[in-house]
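Counting begins at 1 with the first residue of the sequence.
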Amino acid sequence: MKRKKFFILIASVFFIYSCGTYRINKTSDFKKTSNLDSLNGNYFSKPFPLKNNYNKDFFSLINKSNTQSDFFNLEFIDKNNLKISYDEIVENKFVSKEIILNGKRKKKFFEVYFSKKQFFIPILYGNFDINRLRIGFDKTDKILIRNFSDGSGNILFIGGGFSGESKSLFESVEKSSTIIPFSKDGKWGFKKRNDTIIKPIYDFVRAFDENMVRVCKNNKWGLVDIKGNYLTEIIYDNINPIKTYNNDSLKYSFVYLNKKKGIINSTGKITVPVIYDEIRDNGEFIEIKKGTKIGYCTYENVIIPSIYDKLTYYIFHQYNYAEAERSNMIYYVDKEGYEYQTKPNPLYSKIGFLENGQPKYIPDLESKRKIGLEEQFQNIN
């Protein structure tokens, strides 16, 4: 009996450590279909929104995350090869491209592996590099794509890496009741089925994002609303919606003008001036750079103007200050945009390279001052 239990235990461990491509993944939300050729058709590349889910666009799922295209077409060219064709936007022009995915047809979906590497010695060692797509229909006849990724590994019982499966839905253009672009006589507008919503007066357009859309004239971009009213002037070199990990109702876009970058909201209001050389999310705030000077902002406004040579994260400071350096002086800045001069902390100590956990400086509260946006254009000492 003991021997039987031992073999069951060994078999269970073997299964767990050999899971890689053999993991049991969810397939019940795929609709049964007698012919996967019915997947052929034209679809929106922007995912249908799902609650509590980071919705990846189609091109991210096929490892083409920087592709500028609002639609894609699926067509089986034979049993095991699926052609993806799309028009990519390059310098305000369409460039036709296509990709062939080689995979296998299953009962309810088409399965493709971008990577399928795994090496394991039960209990002792495991190393997995798996990236798999399953493409089929959901119960509402939208394209359902399940993306399974495993970049994990282990030595004995110490493991690390990531493993998980995401779900994305994509709507058919032909079956959609949403507003889509159309062209006439070389100009672009928008229609809803057979009804013209916005007349074709633009040189180029993108698909709608919520209730706004990007339009182009004379190689300059702007935003209009669902009725064709201008939300911004058509003055920008480019406009890119900001992708976030949530579905907040407030939407923002990066705008580019004369090699500078800023942020606008869904009403066209400039929330971060178009004066920065670089804007990037550091995970806590959004870092803004003007020349070599650094500051912080949110999508809604500038918190710390770009006047500092160095700027740390707030998360590293137990009293919620960011340490800033300007003209070889150390300052503290808070999350409300106030600057403080600093003085040595009497509780701080250091022996060799060991510190006692106290910050080296404390703020001089009497020196508190609001940092002005205009200081970004001055030489601050």
Side-chain angles (χ1 to χ4, degrees), residues 39-49 55-62 64-75 83-99 141-143 145 168-243 247 251-256 264-268:
L39 290 170
N40 293 354
N42 197 29
Y43 299 91
F44 292 97
S45 64
K46 182 180 178 181
F48 190 82
N55 300 294
K56 292 184 178 180
D57 70 85
F58 175 76
F59 293 101
S60 295
L61 292 170
I62 61 170
K64 297 285 184 181
S65 57
N66 293 322
T67 299
Q68 298 292 311
S69 183
D70 296 318
F71 307 96
F72 65 94
N73 188 78
L74 297 182
E75 180 186 0
K83 182 172 72 172
I84 300 168
S85 54
Y86 57 96
D87 291 327
E88 185 171 8
I89 300 165
V90 180
E91 296 180 352
N92 299 335
K93 294 180 181 179
F94 281 130
V95 177
S96 296
K97 296 186 177 183
E98 64 179 46
I99 299 170
D141 287 331
K142 294 181 179 66
I143 288 287
I145 299 181
S168 301
L169 295 178
F170 300 93
E171 192 174 21
S172 165
V173 174
E174 287 77 13
K175 297 178 181 179
S176 175
S177 60
T178 59
I179 299 173
I180 62 172
F182 78 99
S183 63
K184 182 179 180 181
D185 299 328
K187 297 293 183 180
W188 287 86
F190 295 89
K191 67 179 182 179
K192 188 173 184 179
R193 294 198 169 133
N194 294 323
D195 296 328
T196 298
I197 305 300
I198 299 176
K199 293 180 179 180
I201 60 173
Y202 300 106
D203 300 331
F204 209 76
V205 297
R206 300 296 303 268
F208 264 89
D209 292 300
E210 302 297 332
N211 292 318
M212 65 177 185
V213 69
R214 292 166 282 171
V215 297
C216 178
K217 273 188 175 182
N218 300 319
N219 288 321
K220 293 293 183 179
W221 290 86
L223 293 181
V224 300
D225 65 16
I226 202 168
K227 295 181 179 179
N229 300 315
Y230 287 102
L231 300 173
T232 70
E233 296 181 77
I234 303 181
I235 58 172
Y236 297 110
D237 298 324
N238 204 356
I239 302 176
N240 286 328
I242 297 172
K243 297 178 181 179
N247 291 316
K251 304 294 181 181
Y252 299 89
S253 298
F254 289 124
V255 290
Y256 304 82
I264 60 175
N265 65 18
S266 59
T267 67

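S69 and T67 form no side-chain donor-acceptor contact under 3.5 Å, judged by distance and modelled atom types alone.
For the pair T178 and K192, the minimum side-chain heavy-atom distance is 4.5 Å or more. Considering only heavy atoms from C-beta on, F58 stays 4.5 Å or farther from I143 through its side chain. Contact annotation: the side chain of R214 approaches that of L223 to within less than 4.5 Å [non-hydrogen atoms, C-beta and beyond]. Looking only at side-chain heavy atoms (C-beta outward), S172 and Y43 come within less than 4.5 Å of each other. When side chains are defined from C-beta on, K83 does not count as touching N73, because their heavy atoms never get closer than 4.5 Å. Side-chain contact between D209 and K46 is present, with at least one heavy-atom pair separated by less than 4.5 Å.
The neighbour count for K217 NZ, taken as heavy atoms of other residues, nucleotides or ligands under 6.0 Å away, is above 12. In the displayed structure, N66 atom CG is contacted under 6.0 Å by at most 12 heavy atoms of other residues, nucleotides or ligands. No more than 12 heavy atoms of other residues, nucleotides or ligands shown are found within 6.0 angstrom of NZ on K64.
The shortest non-hydrogen separation linking Y202 to G228 is OH-O, 4.5 Å. Heavy atoms only, all atoms of each residue included: S253 and I239 are closest at CB-CG2, 3.8 Å. Closest approach of V205 to P181, counting heavy atoms only: CG2-CB, 3.7 Å. Between P200 and K184, the shortest heavy-atom distance links the atoms CG-CB, 4.1 Å. A pairwise comparison of heavy atoms in F170 and S45 identifies CE2-O, 3.2 Å as the closest pair. Summarising the geometry of R193 relative to K175, their closest heavy-atom pair is NH2-O, 4.2 Å, with the distance given to 0.1 Å.
With rounding to the nearest 0.5 angstrom, the CD1 atom of I198 is 13.5 Å from the CH2 atom of W188. Remark: K191 NZ to T196 OG1 distance equals 8.0 Å, nearest 0.5 Å. Atom-to-atom distance recorded for D87:CG and S85:OG is 8.0 Å, nearest 0.5 angstrom. Put simply, OG on S176 and NZ on K142 are 9.0 Å apart, with the number rounded to the nearest 0.5 Å. Separating the CG atom in D185 from the CD1 atom in I201 is a distance of 14.0 Å, to the nearest 0.5 Å. Rounded to the nearest 0.5 Å, atoms CG (D237) and CH2 (W221) are 11.5 Å apart.
Looking at L169, L61, I62 one by one, the single match for side chain to side chain contact (heavy atoms under 4.5 Å, CB included) with I145 turns out to be L61. Put simply, the residue from Y86, F71, F204 that forms a ring-ring contact (aromatic ring centres under 6.0 Å, His included) with F94 is F204. N92 pairs in a side-chain hydrogen bond (donor to acceptor under 3.5 Å, both in side chains) with only one of the listed residues (N219, D203, N238), which is N219.
For the pair N218 (side chain) and K220 (backbone), a donor-acceptor distance under 3.5 Å is absent.
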>> Could you go through Q68 and V90, starting from their C-alpha distance and side-chain angles, then the distance that decides it, and tell me whether this counts as side chain to side chain contact (heavy atoms under 4.5 Å, CB included)?
In response: CA-CA 8 Å; Q68 298 292 311; V90 180; over 6 Å; no
>> Determine whether I226 and N211 satisfy the following criterion, side chain to side chain contact (heavy atoms under 4.5 Å, CB included), listing intermediate values before the conclusion.
In response: CA-CA 6 Å; I226 202 168; N211 292 318; 4.1 Å; yes
> When you look at F182 and F190, which way does the ring-ring contact (aromatic ring centres under 6.0 Å, His included) test go after all the steps?
Replying inline: CA-CA 6 Å; F182 78 99; F190 295 89; 8.1 Å; no
> What's the verdict on side chain to side chain contact (heavy atoms under 4.5 Å, CB included) for F44 and V173, showing C-alpha distance, side-chain angles and the deciding distance?
Replying inline: CA-CA 6 Å; F44 292 97; V173 174; 4.1 Å; yes
>> Between F72 and F59, does the side chain to side chain contact (heavy atoms under 4.5 Å, CB included) criterion hold? Intermediate values first, please.
In response: CA-CA 9 Å; F72 65 94; F59 293 101; 4.1 Å; yes
